[in-house]
Amino acid sequence: MGDSTALPFLPGNSFSDPTRVNFHRAQTMTYKNGFAIPKHGAMPGMSQTDIDELANLQPSLTYGKAKPEPPQDFVPAHVAFDKKVLLFNAYFKQTLNESDKEYYRVRPVKIYYYLEDDSISVVEPIVENSGIPQGKLIKRQRLPKNDQGEHWQWKDLNIGSDVIFYGKTFHIYDCNNYTKDFMASEGIMLNAPESCPPDPYTLSRKEPQHSYVTPPTFDKLKQFIDLDRQVLRFSAVWDDRNNMFGEMRPYTLHYYRVDDTIEVREQRQPNDGHDPFPVLIGRKKVPKARSNIPSNFPSAVMEISEHEITDWLTEKDLRVGETVVIMDRPFFLYDCDSFTQSFYQQMYGLSFSRVPVELGERKVEVKREIPPYNGFGSPQDSKQNCLSLIAQPPKKDVMKMLENDLKILRYAAVMESPNPEDKNRKFIISYSLAKDEMQIYEPHQRNAGIIEGKFLEYSQVRKPGSSIDNPEYYTPADFAIGATIEVFSRKFKIVDCDLYVLKYLEANGARFPAATIESIRAIHADKL
């Protein structure tokens, strides 16, 4: 080290030591047993004075001391506490004066405390279909604490405490984790969290807890599967001759084993003079003693149920040859069907036989006769009017109409008449296979002196000599070449036909006479 009076350590003012031989760095560490350890003693090349001087040296910059750091900038509260909100869970009780089933409602809310401006907002979570205006109860604002002008601060809020906002008391029962950490950092110890009390009205609307009871050995589902459609059928009579205009009327009693119900149906006869009520007693459980009920039971407005009557009619109470009382009416069972007979034989070892019963005189059945045709409309229309009270059109063969739609057989004919002016008249007879009706059309002829057009609309033409009640109508089997047909007292002779007529008759040869087919084939021999 040089003297303190030496030249300053600047470029051009330093000189190297010409006597220096070693230029290496002295080592202060050595290795022993593979570990680096410091050497003992003073550093080589440095005296003890130099070492002490280095220990007490306070280095400084060459061009002066470093400038001190500037003080930190002032941070306002709205920047330091931006988006920092304390959340408290609370509730208040709403008094109900107009309800006799509840006295108050517990309404939970959330209290938000904004640290940036010490404002508070109260929000109630929205519950769907509650019928109560919910949402933001108090908008964000500084809330007054008392009449001295003080406001609520975050130091005044704690778990388990009550706060009053505009005359409404809110009880704080919990807060979130951020609020707990903030309060702990400020040295405020929060009370233990509480639970929000349940709302009595909400509890009343909840379904009761299911109670699990050991089911009995009787299984309704098994009874339904095993006994469904098993019906015991009895023939019974109700003897009501002791009353005025009473009589013995037959009924059918059905006992349904699947649910032990009874139904009574009337065996109605035509023209018996009674109103058509087929069901006398609907399907229901029938009590043995219907009048054996408590005297205070309001039977005028309520139906009798299993709470009032426990003794009901069962299959064991039904026997052929015995009388059962159903709804205060005595029914005598005199017969049963084969299924009921076999059931009682297998289950109870009982065998029933028919008991002869005099049901009174049976009225003679009136035979329905169709009146003769009166000449109005077609015979089918007249017959259909006799079959129903309200006039309806005759039923048509829909399948035949679909199969033979647009199938028409055409024939050429001339009129056989003693009048000389009718000898040259020509006609076209069209037969519709879909409706079994024929039409006659007279084509135009020059200088004939006769108006052409429709001679006969599509209609069924009855053969001469057939009765009105059982008419016979013309069919393609009657239209042979050379044959004469009579239509309403006018005779027409078939002289020709289309080739389609021959093909249709040959395709359905089993339905038409062979002579008719041969007569048509003869005139179309040159076309085949």
TODO: Check the surroundings of atom CE in Met399: do more than 12 heavy atoms from other residues, nucleotides or ligands lie under 6.0 Å from it?
DONE: no
Task: Quiz item: cation-pi between Lys407 and Tyr504, 6.0 Å / 45° - done: no
- [ ] Decide whether Glu437 and Ser432 meet the rule of one side-chain donor and one side-chain acceptor closer than 3.5 Å.
- [x] no
- [ ] Check whether any side-chain heavy atom of Leu87 sits under 4.5 Å from a side-chain heavy atom of Tyr112, and report yes or no.
- [x] yes
Task: Other residues, nucleotides, ligands: >12 heavy atoms within 6.0 Å of Ile132 CD1 - done: yes
Task: Under 3.5 Å side-chain donor-acceptor pair for Thr340 and Asp337 - done: yes
Task: ring pair (Phe, Tyr, Trp, His ring centres under 6.0 Å) partners of Tyr201, counting only residues at least two apart - done: none
- [ ] For the pair Phe455 and Phe427, name the ring-plane relationship: parallel under 30°, tilted 30 to 60°, perpendicular over 60°.
- [x] perpendicular
TODO: Measure up the Phe331 and Tyr251 rings against each other and bin them: parallel (under 30°), tilted (30 to 60°), perpendicular (over 60°).
DONE: perpendicular
TODO: Sequence neighbours left out, what passes salt bridge (charged side-chain N to carboxylate O under 4.0 Å, His left out) with Asp436? Give chain and number order.
DONE: Lys400
Can you give each donor-acceptor pair under 3.5 Å made by side-chain atoms of residues 231-248, sequence neighbours left out, with the distance rounded to 0.1 Å?
from: Asp239; atom 1: OD1; to: Arg241; atom 2: N; distance (Å): 3.3
from: Asp239; atom 1: OD1; to: Arg241; atom 2: NE; distance (Å): 2.9
from: Asp239; atom 1: OD2; to: Arg241; atom 2: NH2; distance (Å): 3.1
from: Asp240; atom 1: OD1; to: Asn243; atom 2: ND2; distance (Å): 2.6
from: Glu247; atom 1: OE2; to: His274; atom 2: NE2; distance (Å): 2.4

Open item on the list: Side chains of Tyr255 and Asp260 only: does a donor on one sit below 3.5 Å from an acceptor on the other?
Closed with: yes
Open item on the list: Other residues, nucleotides and ligands only: do more than 12 of their heavy atoms fall within 6.0 Å of NZ on Lys426?
Closed with: no
Open item on the list: Closer than 3.5 angstrom, by distance alone: can the side chain of Asp199 be matched with the main-chain N or O of Val106 as a donor-acceptor pair?
Closed with: yes
Task: Heavy-atom neighbours of Asn424 CG exceed 12 at 6.0 Å - done: no
TODO: Indicate yes or no: at least one non-hydrogen side-chain atom of Leu433 is less than 4.5 angstrom from one of Pro476.
DONE: yes
Open item on the list: If you count heavy atoms of other groups shown closer than 6.0 angstrom to OH of Tyr348, is the number above 12?
Closed with: yes
TODO: Would you indicate whether the side-chain heavy atoms of Gln345 and Ser351 approach each other to under 4.5 Å?
DONE: yes
TODO: Check whether any side-chain heavy atom of Pro197 lies under 4.5 Å from a side-chain heavy atom of Tyr91, and answer yes or no.
DONE: yes
Open item on the list: Does Phe224, at its CZ atom, have more than 12 non-hydrogen atoms belonging to other residues, nucleotides or ligands within less than 6.0 Å?
Closed with: no
Open item on the list: Which heavy atom of Arg107 sits nearest to which heavy atom of Pro133, and what is that distance?
Closed with: NH2-O, 3.4 Å
Open item on the list: With a 3.5 Å distance limit and no angle check, can you tell me whether Gln134 reaches the backbone of Val127 through a side-chain donor-acceptor pair?
Closed with: yes
Task: Residue Lys168 excluded, over 12 heavy atoms near NZ under 6.0 Å - done: no
Open item on the list: Less than 4.5 Å apart, side chain to side chain, heavy atoms only: is that true for Leu456 and Ser459?
Closed with: yes
Open item on the list: Does Lys288 have more than 12 heavy atoms from other residues, nucleotides or ligands lying within 6.0 Å of its NZ?
Closed with: yes
Open item on the list: Quick one, Cys497 and Phe479 - any side-chain contact, counting heavy atoms below 4.5 Å?
Closed with: no
TODO: Measure centre to centre between the rings of Tyr411 and Tyr431, then say whether the value is under 6.0 Å.
DONE: no
Task: Flag side-chain contact, heavy atom, 4.5 Å: Tyr114 against Ser121 - done: yes
Task: Residue pair Leu318 / Val324, side-chain heavy-atom distance below 4.5 Å - done: yes
